[in-house]
Amino acid sequence: MAAPLETASDPERLRRVAIEPVTRVEGHGKVTLLLDEANRVRQARFHIVEFRGFEKFVQGRPYWEVPVMVQRLCGICPVSHHLAGGKAVDMLAGATALTPTAEKMRRLLHFGQILQSHALHFFHLSSPDLLFGFDAPVERRSVFAVAAEFPDIAKKGILLRKYGQEVIRVTAGKRVHGSLVVPGGVNKRLSPQERDYLLADIDRTVEWSAEAVAIARRLYEEGRARHNGFAAFPSPLLSLVRDDGALDLYHGGLRARGADGATLFDHEDYATYWELLHEVVKPWSYMKFPFLRALGPDAGWYRVGPLARLWNCDFVPTPRAEAERRALLDFEGGATRAATLAYHWARMIEMLHAAEGIRALLADPDLLQGELVVKGERRYRGVGVIEAPRGTLIHHYRINEDDQIVRCNLIVSTTHNNEAMNEAVRRVAERYLDGRELTEGLLNHIEVAIRAYDPCLSCATHALGQMPLAVELRDATGAAVDRLTRDADGGVRRG
Amino acid sequence: MSGRTFTLDGQPVPFTEGETVMEAALAAGVYIPHLCYRPGYGHHGSCKVCTVAIDGHNAASCTTRAREGMAVETATPELADMRRALVEMLFVEGNHTCPACEKSGECELQAVAYHIGMAAPRFDFFFPARDLDASHPDVILDRNRCILCELCVRASRDVDGKNVFAIGGRGIRARLIVNAASGRLGDTDLAKDDAAVRVCPVGAILRKGDAYTKPVGQRTFDLRPIAAVAIEEARRERERRRG
Amino acid sequence: MGGPSGTCVPWREFERRIAFEDVPSAGAFMVFSRGRDMFEVARNFAHFFAHESCGFCTPCRVGTSLLANTMDKLAAGKGSAYDMQRMQTLMRVLLSMSHCGLGHTAAKPVVQTMAAFPDAYERRLKRLDFEPAFDLDAALATARHITGRDDDWAHIVSEEA
């Protein structure tokens, strides 16, 4: 899978790139560029240097701990891991079909997660770039400037996220790291009071989500020439879809389309995902590189997440989000399919879908009554897949006779997008790098491209306001000629 | 009931002959933090968390008989600090990962730590390599979380009549062991409804299938603080004895 | 005087008397020449008590091992003033909360030599505030093994003070 610019000719030099796994928790990314004597970019890499080791330390634990333990992978999308791990554990417990109450409670929790995560990413994290421009002064590119100049947008963004968090709290007991899923079901149903509490603000939430779609769409349209081309490249797309081809974030079969839009596979059972997907390891990143087996390791990389899902599915099963999806697909002859920045627009359409989905679920009496758990015959392999906010999330476990985990494999959403993010970085580096002189603008252009994919490493940005990022410029001998670092507090240093 | 009393932090506490300081205090509605004591399971005195000052000398309140006129102190800053140190010692001695533990919200070690205001342990973690025994069809034994209170040892011997558990090894290498030639829980006659299973105050002995079935917010210590739970438990035990 | 849990009498106090009224003895005593490192004597005793602890009560079972580990940390040149304070805390816990005499007196050799031979301890302190016992680089060993790396960048080297 050697893309142009991925590896310069002399591999010895490439090994000098600094990797310090322990100091790099979620939120640390690193980009390195290699230049030749003519100052041309010969290598551009986006490194994920965090090493979590979850796959190692769940070994030996009883399988029912999985949904609660794995959600500690993340503080932003713990619910996704809770649910994906939970679905794998259902399979281990032999629960083939959940009760209506259990499935709907889980879907409600998942919609809450999609809503809060998408709102957080768009309003808190990305809106400064989109509202003020990539080249705006650093001090203006923060959520605080948005709050000062666009108070209405900022306020609604915060309250949208809060609503999603409240859905999570009511269903899972806590806003972060609660618990709902048990093997074969859930541990609670909604009380009428809890349902009424969520109903109180749902209409407002749907309306504001629709407004958010309009904002994302307007921002995209206003800069259409740049947005259609910025880090734009065709690629295969992967997502779950429902039996009838509808967007389904909680459950479905795997569908992949090629870069040309042709279907590569459809409605495939994710329980044997390894027949469709493989992973390769590269020495310069702790993140694995998955690829579609049908296309091979070089051409088989693909994209997941909001844009991939909306282009992959046949329709969105809630009316207002479906209308917005049509507009996204029809825009300028399908230009958004390859456009990295169209992820923001797609993300807001999914947020609207989540809000509509929550409203529909809250009207369903199954949330208030019915059995919570089904039991079955214990099995030794469990695979759980959901569409997390950032894309397809795969959890895979094997257990022994005593219910202890012996093997675990996780392919998280950000991993699927690994090569796509690298490609985006290469495109931006090629187009915007200005001689040897690295500018703060370049730094932010790279960041804008990475951020569009909402990688999990941006969690720290969510918490601290800025993504810590280092850009190194090296000449052909491998010597660093320039280096810019943005700290977590937003300060930019040279050297 | 001839009005025999001692004082606890200056307040008179009535007691009957033969009662321990702990029993009399709980009957009077005063909670003294404890882990290895459980009403109805005898007097053991190993965790030392319930240590109080009696006429100026420290002693475990769960194993010291009340005497007329004794002056007992429990709410002193010095004792509070020593208690925190003891609970911190228990946390660093084992592998207690509350965030993923199914006993969270039901765990007395966790609840006592909250009650006494423990933050992070001041001691270095041992991170011991301890075994998890999942060989029993209905019960799991996770030694990572065992605090060696011996409640299960007493329950199995005195209530269940089975002698399934014992403490093996000495000092920091002491471990809960089971009564089977193979050393595996699955080869003992332990049953999931045994008192030895129910009595575990931490997440060391757990019934399979019970994990996370209580939603957050409805777990024992979500609803009431451990002081109220312990006082209520002691009241029930007194009523049970009276018949 | 009287074994590891007895009284430590430094040479400055050699005028004291072996008697119930002054320095009581169980009938045994040990003499250490000036050439001996009293820190190492105390560390040896700390390990003795950790080994002898039966493990019944929390303060002695955990406290004696914590004490021995802290002495090892000082011996390795990684001690700090915080460790000295912590040993004082351990001594108080052992003395006031232990079940039996072994725990009560287990910290005595450390505390007494700390008072009588402060130099033996202080020259082993690396920093005056705090030095972690946790070895970041050693903790990375598993990660290095899994990723098959052993280059310079896969190691964390702590900065020397």
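Letters A, B, ... mirror the listed sequences (proteins, then strands); counts begin at 1.
- For B:Arg173, the CZ atom sits in a loose shell: 12 or fewer heavy atoms of surrounding residues, nucleotides or ligands are nearer than 6.0 Å.
- The choice from B:Lys214, B:His136, B:Lys208 that makes the most heavy-atom pairs within less than 4.5 Å of chain A is B:Lys208.
- In this structure, A:Tyr380 places its OH atom where more than 12 heavy-atom neighbours from other residues, nucleotides or ligands lie under 6.0 Å away.
- Taking chain A as the reference chain and counting heavy-atom pairs below 4.5 Å, the highest number among B:Ser135, B:Gly209, B:Ala211 is found for B:Ser135.
- Atom NZ of B:Lys162 sits in a crowded spot, with more than 12 heavy atoms from other residues, nucleotides or ligands closer than 6.0 Å.
- Under a cut-off of 6.0 angstrom, the local environment of CZ in A:Arg407 is sparse, with at most 12 non-hydrogen atoms contributed by other residues, nucleotides or ligands.
- A:Glu65 CD to B:Cys101 SG: the interatomic distance, rounded to the nearest 0.5 Å, is 7.0 Å.
- Screening A:Leu180, A:Val181, A:Val182 for a side-chain contact (heavy atoms from CB on, under 4.5 Å) involving B:Tyr212 leaves a single residue, A:Val182.
- In this structure, the portion of A:Ala172 lying under 4.5 Å from any heavy atom of chain B is its backbone and not its side chain.
- No more than 12 heavy-atom neighbours from other residues, nucleotides or ligands sit within 6.0 angstrom of CD on A:Glu377.
- The minimum heavy-atom distance between B:Leu132 and A:Pro62, with the atom names listed, is CD1-CD, 3.7 Å.
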Would you sort out whether B:Val216 and A:Lys188 count as a side-chain contact (heavy atoms from CB on, under 4.5 Å), showing the intermediate values?
CA-CA 9 Å; B:Val216 175; A:Lys188 72 171 283 190; over 6 Å; no
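- In this structure, the portion of B:Asn144 lying under 4.5 Å from any heavy atom of chain A is its side chain and not its backbone.
- Contacts of B:Asp133 with chain A are absent, with no heavy-atom separation under 4.5 Å from either backbone or side chain.
- Around CD of A:Gln59, the count of heavy atoms belonging to other residues, nucleotides or ligands within 6.0 Å exceeds 12.
- Of the atoms belonging to B:Arg219, not a single heavy atom falls under 4.5 Å from chain A.
- Listed here is the closest heavy atom pair of B:Thr213 and A:Asn187: O-CB, 3.3 Å.
- The contact between B:Ile140 and chain A is made entirely by side chain atoms (from C-beta outward), counting heavy-atom distances below 4.5 Å.
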